[in-house]
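In what follows, a structure is listed as structure tokens, so that the remarks can point back to it.
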Amino acid sequence: MEMHQQQRADSFITGSPAPTAEERTWGMLAHLSAPVAAVLTVSTLSFLGPLLVLAFKSKESAWVEAHAKRALNFHIVTCAVVWAFGATCFLIPVAVGVSIIGALFSVVAGIRANEGLVYSYPIDVKIVK
């Protein structure tokens, strides 16, 4: 599976195929807000950051919406795994590892979004379409 795609999503702000600087920033924030939310909620609600970006910015830009949905889908799965492993006390180290790996993928996705690229997470379950 390819880690990222070299294609660009359509932009609503300018109508141009290239995202604006503001769209790239919001796309990056959609990805980077997940590790921040994870730190604030002890890795239990990392999906809140992308959900907020999706709620407030998706109508302004299809490009930002696409990034927020990708981040949201990945972190819903990550949270489910963390909850499942965290529920069994002896698998808490695995839950911590999953949280750290999820944060690393989010950082890579944020960098790609800031470059104007669309990033595909290794686990791409389409929960939010």
Side-chain angles (χ1 to χ4, degrees):
M1 178 186 301
E2 196 172 309
M3 289 290 284
H4 60 83
Q5 299 171 355
Q6 294 298 321
Q7 66 187 20
R8 298 175 190 261
D10 286 336
S11 166
F12 274 0
I13 292 178
T14 62
S16 166
T20 65
E22 181 182 354
E23 287 174 312
R24 289 194 317 264
T25 299
W26 278 105
M28 177 182 66
L29 289 175
H31 296 289
L32 296 181
S33 62
V36 171
V39 167
L40 295 175
T41 64
V42 193
S43 294
T44 56
L45 299 173
S46 65
F47 62 87
L48 282 180
L51 180 63
L52 290 173
V53 172
L54 182 65
F56 292 113
K57 289 295 183 178
S58 65
K59 291 191 179 13
E60 295 176 24
S61 170
W63 198 83
V64 174
E65 179 182 18
H67 280 274
K69 284 181 180 179
R70 287 175 183 266
L72 180 59
N73 286 330
F74 178 73
H75 286 285
I76 288 172
V77 172
T78 302
C79 280
V81 170
V82 167
W83 292 340
F85 286 137
T88 60
C89 293
F90 65 93
L91 290 177
I92 289 177
V94 176
V96 170
V98 169
S99 296
I100 291 169
I101 291 170
L104 293 175
F105 281 123
S106 292
V107 169
V108 172
I111 291 169
R112 295 286 187 227
N114 197 34
E115 293 171 348
L117 302 173
V118 177
Y119 179 80
S120 292
Y121 283 95
I123 299 172
D124 196 15
V125 179
K126 304 278 191 259
I127 298 167
V128 178
K129 296 178 182 177

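Reckoned from all heavy atoms, side chains included, excluding hydrogens, waters and symmetry mates.
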Donor-acceptor contacts, no H, no angles, side chain residues 80-91, under 3.5 Å, sequence neighbours left out:
from	atom 1	to	atom 2	distance (Å)
W83	NE1	T44	O	2.9
T88	OG1	F85	O	3.0

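- With rounding to the nearest 0.5 Å, the separation of NZ in K69 from CG in L51 is 12.0 Å.
- M28 CE to E115 CD: the interatomic distance, rounded to the nearest 0.5 Å, is 11.0 Å.
- Taking each heavy atom of A37 and L48 in turn, the nearest pair found is CB-CB, 4.5 Å.
- Closest heavy-atom contact between P122 and F105: CG-CZ, 3.4 Å.
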For this session: Step by step, work out the side-chain contact (heavy atoms from CB on, under 4.5 Å) result for E22 and S61.
Result: CA-CA 10 Å; E22 181 182 354; S61 170; over 6 Å; no
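- Rounded to the nearest 0.5 angstrom, W63 CH2 and R24 CZ are separated by 7.5 Å.
- Placement of V94 and I100 in two distinct hydrophobic clusters is found when ILVMFWY residues are connected by side-chain heavy-atom separations under 4.5 Å, directly or transitively.
- Heavy atoms only, all atoms of each residue included: A34 and S106 are closest at CB-OG, 4.2 Å.
- Although no hydrogens or angles enter the test, the distance criterion places no donor-acceptor pair under 3.5 Å between the side chain of E60 and the main chain of K57.
- Side-chain atoms of S46 and P35, non-hydrogen and from C-beta on, never get closer than 4.5 Å to each other.
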For this session: Kindly indicate, with the supporting measurements, whether the criterion side-chain contact (heavy atoms from CB on, under 4.5 Å) is fulfilled by R70 and V118.
Result: CA-CA 9 Å; R70 287 175 183 266; V118 177; 3.4 Å; yes
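- Although no hydrogens or angles enter the test, the distance criterion places no donor-acceptor pair under 3.5 Å between the side chain of N73 and the main chain of D124.
- One finds the CD1 atom of I127 at 5.0 Å from the CD1 atom of I76 (value rounded to the nearest 0.5 Å).
- Using a 4.5 Å heavy-atom threshold, the side chains of H67 and V53 count as separate.
- Both I123 and V108 are assigned to one and the same hydrophobic cluster, defined by single-linkage of ILVMFWY side chains at heavy-atom distances under 4.5 Å.
- A distance of 11.0 Å separates CD1 of I92 from OG of S99, quoted to the nearest 0.5 Å.
- With hydrophobic clusters built from ILVMFWY side chains whose heavy atoms lie under 4.5 angstrom apart, L52 does not share a cluster with F47.
- Neither F56 nor V36 shares a network with the other; the hydrophobic side chains, linked directly or stepwise wherever heavy atoms of I, L, V, M, F, W or Y lie under 4.5 Å apart, form separate groups for each.
- Both L45 and L54 are assigned to one and the same hydrophobic cluster, defined by single-linkage of ILVMFWY side chains at heavy-atom distances under 4.5 Å.
- Between W26 atom CH2 and N114 atom CG the span is 13.5 Å, to the nearest 0.5 Å.
- Nearest heavy atoms, A109 versus Y119: CB-CD2, 3.3 Å.
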